[in-house]
There are 2 protein chains.
Amino acid sequence: MNVKKLLLIKTALQLFYSNGINSVGINEIVKESGVAKKTLYHHFSSKEQLVLATLKYRDHLFCQWFESILNSKKTGKESILALFYGLDNWFNNRVAGLDEFKGCYFINTAAEYGDPNSLARRSCKEHKHKISLLIKEKVSMFINKTDECEVVANTISLLKEGAIVSASVEGNIDAALKCLPTVLRIINEDY
Amino acid sequence: MNVKKLLLIKTALQLFYSNGINSVGINEIVKESGVAKKTLYHHFSSKEQLVLATLKYRDHLFCQWFESILNSKKTGKESILALFYGLDNWFNNRVAGLDEFKGCYFINTAAEYGDPNSLARRSCKEHKHKISLLIKEKVSMFINKTDECEVVANTISLLKEGAIVSASVEGNIDAALKCLPTVLRIINEDY
DNA sequence: ACCCAAGTAGAACAAGCAGTCTACCATGGC
DNA sequence: GCCATGGTAGACTGCTTGTTCTACTTGGGT
């Protein structure tokens, strides 16, 4: 990837993530990155295309981090627990590479686009789906029955989502750790 | 409350909620409501003040609905279950008075404001805190030990939050019903 | 040494923004 | 009948937005 193009994506992501997409103008991105405006429009045909590029880039960064956590353990149960410790690290800014915690970039972005069929929202939806599948994969390692696996994986996903929102909106940065008692129960007991 | 002022708040809320705050201009609100721009600025000193008014109004509407669900049942356990059926109704647009489901107005709004100390975000935080307390109140009706009550109430709140986000971002409109198996377990079993 | 292509800076553009202003109109007390 | 008051419409301001344009610099191939 072109070095200027990547710089633009990184700069835009950082500004969009911490201030909201509609609050950040092209001029600010150009100024902050030091890249010429014409060059920006050479690489991206519009602001929307740049937004989509930041979503794709963030998806890459996030999934890389997410998968490395899940795959750092041998058993599915350990992976799920590691996930919540990982979230706790994220909320408390102990994860380099994900920027200062400002909630989920995909939830935040979806909130700024009214139309559920917009490209940006489709991209957010896709990302969430991917993450849910990764969780389900780990849960299926220790729960065989399909419907039980479904329920547990779903619960884990929703708790994770709730923790992210609670941490960012309420400032409840202990949210991930507060999930642990419940998570332990649902992954250790049979239905 | 002045009839024009209320109309402005209602119109602004409807537009902000379905399109995002930064995507809606003052002119659009004025046009849609049929109220003069001068009158708007007579009642609200700035757009931000109007935003704050919509948050307050939505908080009123939402809490009214929320409390009516929780208080419709005799026991705490029934109230918690009713809550998730209520959420399901909301996600599937069977609740008149909350507009077409577009996620949580407070989560959406918080996402548009970078500064966590902004008045808007404080208002969102306050709302979430209020809702969490209402849930905790019901949980304390059937769990006596303080720390157990805390954990269960927290889990319910996070599941609720996760369900709202999943329903709006992923379009997972069955999210509330999918919580039921887990909710049933944690409110019926002892620790 | 020359040329072409790609990238540079930043001025310029139309459109839209939040917010202000003037001029007008309706109503109610005297 | 007349004035005062408070709400009305909507033109206007100054600024910012996303996007385009012109003019210039740079580096590599021949």
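Chain A is the first sequence line, chain B the second, and so forth, proteins listed ahead of strands; every chain is numbered from 1.
- Dense packing is recorded around CD of A/E78, with more than 12 heavy atoms of other residues, nucleotides or ligands lying under 6.0 Å away.
- Here chain A contacts DNA chain C (any atom closer than 4.0 Å to a heavy atom, that is under 4.0 Å), and the contacts span C/dG7 to C/dA12 from 5' to 3'.
- Here B/I26 lies in heavy-atom contact (under 4.0 Å) with sugar-phosphate atoms only.
- Within residues 35-48 of chain A, the residues having any heavy atom under 4.0 Å from DNA chain C are, by residue number, A/V35, A/A36, A/K37, A/K38, A/T39, A/H42.
- Remark: A/V183 engages A/I80, A/L81, A/F84, A/I156, A/L159, A/C179, A/I187 in a side chain to side chain contact (heavy atoms under 4.5 Å, CB included) (not counting sequence neighbours).
- Side-chain N/O atoms of B/T155 and A/T182 include a donor and acceptor closer than 3.5 Å.
- When only modelled atom types and interatomic distance are considered, B/N172 and A/K128 share no side-chain donor-acceptor pair under 3.5 Å.
- Between A/S18 and A/Q14, the closest side-chain pair of non-hydrogen atoms falls below 4.5 Å.
- Taking every nucleotide of DNA chain D with any atom under 4.0 Å from a non-hydrogen atom of chain B, the first and last of them, 5' to 3', are D/dG7 to D/dG10.
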**Request:** Assess whether side-chain contact (heavy atoms from CB on, under 4.5 Å) is satisfied between A/Y113 and A/V51, documenting all intermediate values.
**Result:** CA-CA 12 Å; A/Y113 288 82; A/V51 170; 3.7 Å; yes
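- The local environment of NZ in B/K102 is crowded, with over 12 non-hydrogen atoms from other residues, nucleotides or ligands closer than 6.0 Å.
- Across all strands, B/V30 comes closer than 4.0 Å to no nucleic acid atom at all (heavy-atom distances).
- The side chain to side chain contact (heavy atoms under 4.5 Å, CB included) test applied to B/L133 returns B/H129, not counting sequence neighbours.
- A ring-centre distance under 6.0 Å is found for A/H127 and A/F62.
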Side-chain donor-acceptor pairs of residues 134-147 of chain B under 3.5 Å, sequence neighbours excluded:
| unit_1 | atom_1 | unit_2 | atom_2 | d |
| --- | --- | --- | --- | --- |
| B/K136 | NZ | B/E150 | OE1 | 2.8 |
| B/K138 | NZ | B/N71 | OD1 | 3.1 |
| B/S140 | OG | B/E137 | O | 2.6 |

